[in-house]
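Heads up, the thing below is written out as structure tokens.
Order of the sequence lines fixes the chain letters, A, B, ..., with proteins taken first and strands second; residue numbering starts at 1 for each chain. Since the model is a prediction, treat every value here as computed from it, not as a measurement.
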Amino acid sequence: EQLQTQNLSIPPTSRVQYTFPELFFYKPNLWWPNGMGKQSLYNVIINIDVKGYGESDSWSHHFGFRKIESNIDGATGGRLFKVNGEPIFIRGGNWILSDGLLRLSKKRYQTDIKFHADMNFNMIRCWAGGLTERPEFYHYCDYYGILVWQEFWITGDVDGRGIPVSNPNGPLDHDLFLFCARDTVKLLRNHPSLALWVGGNEQTPPDDINKALKNDLKLHPYFRHAEEKEKPVGGLS
Amino acid sequence: MAKITLHSEWLAARSTEVHFTGAQLTTTHPPSASTEPWMEAIVPGTVLATLVKNKVVPDPFYGLGNEAILDIADSGREYYTFWFFTTFQCKLSGNQHCDLNFRGVNYSADVYLNGHKMVLPKGMFRRHSLDVTDVVHSDGSNLLAVLVHPPDHPGSIPPQGGQGGDHEIGKDVATQYVQGWDWMAPIRDRNTGIWDEVSISITGPVKIIDPHLVSSFFDNYKRVYLHATTELENKSSGTAECSLSIHVTTELEGGIHSV
């Protein structure tokens, strides 16, 4: 479908951020949730060759072209989800984790998640008191079309409610919480099934954490701008 | 990049029963499954998963098995502070680099590789990547020992149970269900352990880190753009002249790929 190569120099013992010019696709196969269409997945491979050495590193990931939007619907007060512009009736299940001794395996994830798809579900909500789920969990959600509502590690009972009120200011180390959240987002953000990050369960995270999460997770200004700005239709019939 | 997951041939032992240091375990006194107190371990998994596998404790999910297992609140954190040990091969040539990666450790750990100590800081939901290029043996076995510490605040379980026990676990950045909930008995080791994938990755001088893929849509999803950005790290002491490429392929019916 697409192949692009760029040349660049990287200074010694340094780290750089590189952004490819965007790749254009005409009417690609879209990724749809279970029951709305096919879960079309593309394989994206990034590799880097170094002069005098050869291939230095390679990375690959299954990617689905899809647009997921959600906001609070004025009429119902509920959260309305749309996928590729189409509203979707959410049929979802609660999820804590696959095994209480964390004996997590691909086979177990595939069985658990296919079960949800066979029950005609199209969303799994990962409860904040459990785990931010693993790439294998998300891989099978990509494959079977199960959207994922993923909560961070704040629960009403343990963070600021209950009698007596517990941990009113959440975890002791907010920087550690945000470090873990950022690293987790980097681990999971390319999965098409990831539909929504949620600060916590029945509880808003402490203000500084909540503000930082909202800031880190908002759509990059480039995309907000690009969505509004009509691109020149370069010779496209 | 060659990634080799280390998910077999692990051993484990309670730290209070091991009388060697991490440096000794990974140089002069490597353990074996046949010597007490070492036992076969489940990695990825938790301390309790290993103890259940070796029938040292009953399975907590059958009958009243969980009641027969000492809770960390009563035993203290040392009781669930465990050594995990394994060996691996790693042949490096010329300008190659080797990373030792932990995708999830609960809650913190000290890593010893061939006698060298490295620390995995606190936090259950963070990855760790250690550059071990200068420490690995290219010829022969590499000895890896990991001393895993439980969460700092494991808390205790009030007689009436309740949602999240005494809520102490909330002081850490770790899973909270482990103190028990209305639908769940408490997990005695609070899920301490190397709970996610361990791997070694071998790359050349430049490494790809955490690419980010985003798509944008126009003309009613007819015109679509894929945006890709990535971090790149040049570990060598010279400027790296690189060519970076991105391929997107889709699988047509029956396993035929179009590029």
Worksheet item: Side chain, backbone, both or neither: which part of L187(A) has a heavy atom under 4.5 Å from chain B?
Response: both
Worksheet item: With a 4.5 Å heavy-atom cut-off, do T155(A) and W181(B) have their side chains touching?
Response: yes
Fill in: Shortest non-hydrogen contact from T5(A) toward S243(B)
CG2-CB, 4.0 Å
Worksheet item: With only heavy atoms counted, which part of Y53(A) is less than 4.5 Å from chain B, the side chain, the backbone, both or neither?
Response: side chain
Worksheet entry | Which portion of T230(B) sits near chain A, non-hydrogen atoms under 4.5 angstrom | both
Worksheet entry | chain B contacts, top residue of T19(A), D157(A), L97(A), L176(A) (heavy-atom pairs, under 4.5 Å) | D157(A)
Worksheet item: Between D152(B), L48(B), V206(B), which residue shows the highest count of heavy-atom pairs closer than 4.5 Å to chain A?
Response: V206(B)
Item to complete: Identify which part of Y18(A) has an atom lying under 4.5 Å from any heavy atom of chain B, answering side chain, backbone, both or neither.
Response: both
Worksheet entry | Distance (rounded to the nearest 0.5 Å) between I187(B) CD1 and L102(A) CG | 8.0 Å
Practice prompt. Taking the side chain as every heavy atom from C-beta outward, state whether R134(A) and D196(B) have any pair of such atoms under 4.5 Å apart.
Written response: yes
Worksheet item: Is the side chain of D57(A) donor-acceptor paired with the backbone N or O of I208(B) at a distance under 3.5 Å, no angle test?
Response: yes
Worksheet, complete the sentence: Partner of D159(A) under side chain to side chain contact (heavy atoms under 4.5 Å, CB included), picked from Q176(B), H167(B), K171(B), is Q176(B)
Worksheet item: T46(B), L226(B), T175(B), V173(B): which one forms the most heavy-atom pairs within less than 4.5 Å of chain A?
Response: L226(B)
Worksheet item: With a 4.5 Å heavy-atom cut-off, do F20(A) and H227(B) have their side chains touching?
Response: no
Worksheet item: If you count heavy-atom pairs under 4.5 Å with chain B, which of V50(A), N84(A), T132(A) comes out on top?
Response: N84(A)
Worksheet item: When heavy-atom pairs shorter than 4.5 Å are enumerated against chain A, which of I42(B), D172(B), I209(B), I169(B) gives the highest number?
Response: I209(B)
Fill in: Which of I246(B), N220(B), D210(B) touches chain A most, by non-hydrogen pairs under 4.5 Å
I246(B)
Worksheet item: Below 4.5 Å, heavy atoms only, C-beta onward: do L131(A) and M124(B) meet side chain to side chain?
Response: yes
Worksheet item: Is there a side-chain contact between I46(A) and L244(B), using heavy atoms and a 4.5 Å cut-off?
Response: yes
Item to complete: Select one option (side chain, backbone, both, neither) describing which atoms of H7(B) are under 4.5 Å from chain A's heavy atoms.
Response: neither
Discussion item. Could you check whether any side-chain N or O of N190(A) sits under 3.5 Å from a backbone N or O of P211(B), counting only pairs where one atom can act as donor and the other as acceptor?
Written reply: yes
Worksheet item: Under a 4.5 Å heavy-atom cut-off, does chain B meet the side chain of I96(A), its backbone, both or neither?
Response: side chain
Fill in: Contact class of L213(B) relative to chain A, heavy atoms under 4.5 angstrom
both
Response to the item:
Closest non-hydrogen atoms of C180(A) and G123(B), given as atom of the first, atom of the second and distance, are SG-CA, 4.2 Å
Fill in: Residue part contacting chain B, namely of R182(A), when any heavy atom lies under 4.5 Å
neither
Practice prompt. Could you tell me whether R127(B) and D183(A) have a side-chain N and a carboxylate O separated by less than 4.0 Å?
Written response: yes
Practice prompt. Report yes if some heavy atom in the side chain of T239(B) is under 4.5 Å from a heavy atom in the side chain of I10(A); otherwise report no.
Written response: no
Worksheet item: Under a 4.5 Å heavy-atom cut-off, does chain B meet the side chain of F65(A), its backbone, both or neither?
Response: both
Worksheet item: Which atom pair, heavy atoms only, marks the closest approach of P205(B) to S56(A)?
Response: N-OG, 3.3 Å
Worksheet item: Where does P121(B) contact chain A at under 4.5 Å (heavy atoms): side chain, backbone, both or neither?
Response: neither
Worksheet entry | Max heavy-atom pair count under 4.5 Å with chain A, selected residue of K207(B), E233(B), H212(B), Q163(B) | H212(B)
Practice prompt. Report the option among S60(A), P135(A), A181(A), G170(A) that has the most heavy-atom pairs separated by less than 4.5 Å from atoms of chain B.
Written response: P135(A)
Worksheet item: Any sub-3.5 Å donor-acceptor pair from Y177(B)'s side-chain atoms to G100(A)'s backbone N or O?
Response: yes
Discussion item. I'd like to know if the side chain of Q6(A) pairs up with that of S245(B) as donor and acceptor (distance under 3.5 Å, no hydrogens or angles considered).
Written reply: no
Worksheet item: Charged N to carboxylate O under 4.0 angstrom, E136(A) versus R103(B)?
Response: yes
Discussion item. Using heavy-atom distances under 4.5 Å, tell me whether Q179(B) contacts chain A through its side chain, its backbone, both, or neither.
Written reply: neither
Worksheet item: Do N234(B) side-chain atoms and P11(A) backbone N/O form a donor-acceptor pair below 3.5 Å?
Response: yes
Practice prompt. Please examine the side chains of F125(B) and W153(A), heavy atoms only from C-beta on, and report whether any two atoms are closer than 4.5 Å.
Written response: yes
Discussion item. With a 4.5 angstrom heavy-atom cut-off, is it the side chain or the backbone of V43(B) that approaches chain A, or both, or neither?
Written reply: neither
Item to complete: Select one option (side chain, backbone, both, neither) describing which atoms of D49(A) are under 4.5 Å from chain B's heavy atoms.
Response: both
Item to complete: Flag yes if more than 12 heavy atoms outside K235(B) fall under 6.0 Å of its NZ atom; otherwise flag no.
Response: yes
Practice prompt. Would you name the heavy atoms of L101(A) and A49(B) that are closest together and state the gap between them?
Written response: O-CB, 3.7 Å
